[in-house]
2 protein chains.
Amino acid sequence: MTPSPGRRGDLFDPACPTRRLLDRIGTKWFSMAVKVLAEAEPDEVGFAELRRRIPGISQKMLSSTLQGMAADSLLTRRVEATNPPRVHYRLTELGLSLDAPLAAVRAWAEEHMAEIDEAGLKDQAAGSREATTAASD
Amino acid sequence: MTPSPGRRGDLFDPACPTRRLLDRIGTKWFSMAVKVLAEAEPDEVGFAELRRRIPGISQKMLSSTLQGMAADSLLTRRVEATNPPRVHYRLTELGLSLDAPLAAVRAWAEEHMAEIDEAGLKDQAAGSREATTAASD
DNA sequence: CTGTATCCGGTTCGATACTG
DNA sequence: CAGTATCGAACCGGATACAG
């Protein structure tokens with residue numbers, strides 16, 4: 001259980017929900033899933049369509065991502081018990097509200113995309129200076 | 001060559017800078033580093049102090065994180081060629097501007113911390129069959 | 001003091017195969 | 001169609017040892 005209920009969001013505490021949320025966001029397909037689901041609002045989206053809208057994702061990862069989101073009450077699942085069975089996903093209010101700050105990050109990335117890209121290239125050509133000869137990625 | 005000069009930020013394209021940025025944000029210590037560095041502005045911060053302010057981080061990860069940020073021009077490095085050598089880090093304008101949207105995510109996490117936490121607990125007690133038996137975390 | 005290199009473990013992720 | 005299970009690969013992250 002959480003060590004201190006009155007504690008404010010301590011990003012540095014691994015046990016803090018804020019930290020867990022950040023970790024969750026960091027998973028590979030999370031932000032893409034949120035974006036697709038948010039754009040689909042207020043409609044529900046099926047598993048297959050979700051997969052179609054997230055190029056490259058596998059069943060496993062889509063399932064995992066969806067489960068993770070549901071575990072944090074970011075997502076609801078509606079099962080249509082027909083044949084063939086169809087399952088519809090939809091963001092909760094909580095999940096939808098998360099899309100706002102996430103969209104801000106996306107917007108930032110789009111806005112400064114060129115600068116980031118340039119930086120990555122310049123990294124190669126840099127002669128010396130104090131330029132970071134980073135080679136981690 | 002980058003295939004997307006005029007392309008809009010395509011989050012789904014692994015080669016797109018926006019996607020790379022999201023991946024970088026997702027790394028374990030990134031957001032914490034940005035926060036600490038942003039709070040230190042406009043002062044510079046030394047390696048040791050940075051380490052002190054990010055509990056639990058190892059030299060390697062701090063170095064990696066810093067390198068990654070520098071590779072994207074989010075950070076500048078000033079080496080003081082003395083003995084002992086001291087290195088000062090400081091966010092670039094680009095890096096500092098990233099703190100804003102990141103802070104929005106942090107704020108969201110803090111605001112909804114309780115709901116997330118509750119959801120995580122409820123996951124345990126839930127007797128429902130289709131309840132998310134998430135075991136990813 | 002400020003890093004880098006190496007080893008190693010844990011987790012994430014992906015392809016495939018299988019069940020309802 | 002909608003998912004789960006299993007396996008193996010790749011990567012992230014940590015401890016230690018070492019270099020400038």
Side-chain angles (χ1 to χ4, degrees), chain A residues 12 14 19-20 22-33 37 44-71 75-90 128 130-137, chain B residues 12 14 19-20 22-33 44-71 75-90 128-137:
Chain A
F12 304 98
R19 172 58 185 280
R20 282 196 33 224
L22 259 295
D23 284 347
R24 178 99 53 195
I25 288 181
T27 61
K28 188 168 188 179
W29 304 100
F30 185 88
S31 50
M32 283 181 267
L37 285 162
E44 294 166 326
V45 194
F47 190 88
E49 186 174 351
L50 228 31
R51 225 192 134 184
R52 216 177 310 123
R53 294 217 207 174
I54 308 180
I57 197 171
S58 62
Q59 293 98 326
K60 180 188 177 178
M61 290 321 296
L62 180 53
S63 189
S64 291
T65 302
L66 260 19
Q67 280 182 25
M69 293 176 69
L75 188 83
T76 56
R77 223 188 107 183
R78 180 172 306 188
V79 183
E80 202 175 319
T82 59
N83 186 2
R86 273 198 70 146
V87 185
H88 300 274
Y89 292 90
R90 191 185 169 186
S128 44
E130 80 229 326
T132 52
T133 44
S136 54
D137 199 24
Chain B
F12 305 98
R19 170 62 183 279
R20 281 194 34 226
L22 259 296
D23 284 348
R24 186 146 342 248
I25 289 181
T27 61
K28 188 170 188 180
W29 304 99
F30 185 89
S31 50
M32 283 180 270
E44 296 166 324
V45 194
F47 190 87
E49 187 174 351
L50 228 31
R51 226 193 133 183
R52 219 177 307 126
R53 294 215 207 174
I54 308 180
I57 196 170
S58 61
Q59 291 98 328
K60 179 189 177 178
M61 290 321 296
L62 180 54
S63 189
S64 290
T65 303
L66 258 19
Q67 280 182 27
M69 292 177 69
L75 189 83
T76 57
R77 227 189 99 174
R78 178 129 117 217
V79 182
E80 203 175 318
T82 61
N83 187 3
R86 272 199 70 143
V87 185
H88 299 275
Y89 294 90
R90 191 187 170 186
S128 15
R129 190 84 172 85
E130 87 229 310
T132 50
T133 42
S136 51
D137 197 24

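Chain letters run A, B, ... following the sequence lines, proteins first, then strands; residues in each count from 1. Predicted model, so just to flag it, every value in this text is computed and none were measured.
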Nearest heavy atoms of A:Ala33 and A:Met69, plus distance in Å: CB-SD, 4.1 Å
Gap between atoms CZ and P, on B:Phe30 and D:dG13 respectively (whole Å): 12 Å
Side-chain (B:Ser64) to main-chain (B:Lys60) donor-acceptor, under 3.5 angstrom: yes
Residue that, paired with B:Glu44, satisfies side-chain hydrogen bond (donor to acceptor under 3.5 Å, both in side chains) out of B:Arg90, B:Arg78, B:Arg77: B:Arg78
Closest non-hydrogen atom pair between A:Phe12 and B:Pro55, with its separation: CD2-CD, 3.9 Å
Closest listed nucleotide, where the reference is the side chain of B:Val87 and the choices are C:dG14, D:dG3, C:dT2: C:dT2
Proximal nucleotide (of D:dG13, C:dG3, D:dA2) relative to the A:Ala48 side chain: D:dA2
Nucleotide of C:dC1, D:dG13, C:dG14 approaching B:Pro84 most closely (side-chain heavy atoms): C:dC1
Atom-to-atom span, CG of A:Asn83 to C1' of C:dG20 - whole angstrom: 10 Å
Option passing salt bridge (charged side-chain N to carboxylate O under 4.0 Å, His left out) with B:Glu49 (candidates B:Arg51, B:Arg53, B:Arg52): B:Arg53
Closest contact, heavy atoms only, B:Leu66 versus B:Leu75: O-CD2, 3.6 Å
d(CE, A:Met61; C1', C:dT16) in whole Å: 16 Å
Under-4.0 Å side-chain N/O to phosphate OP1/OP2 contact, A:Arg77 with D:dA2: no
Whole-Å gap separating P (C:dC1) and NE2 (B:His88): 14 Å
Heavy-atom closest contact (B:Lys28 atom, B:Met32 atom, distance): O-CE, 3.3 Å
Integer-rounded Å distance: D:dT4 C1' and A:Arg51 CZ: 14 Å
Protein-nucleotide distance (B:Leu62, atom CG; D:dC12, atom C1'), rounded to Å: 16 Å
Proximal nucleotide (of D:dG13, C:dT2, D:dA2) relative to the A:Phe47 side chain: D:dA2
Nearest-Å distance for atom pair CG/P, residues B:Leu75 and C:dG3: 10 Å
Distance below 4.0 Å between B:Gln67 side-chain N/O and C:dT4 OP1 or OP2: yes
Spacing of B:Arg24 atom CZ relative to D:dC12 atom C1', expressed in whole Å: 13 Å
Set out, line by line, the N/O atom pairs under 3.5 Å between protein and nucleotides 15-20 of chain D.
none

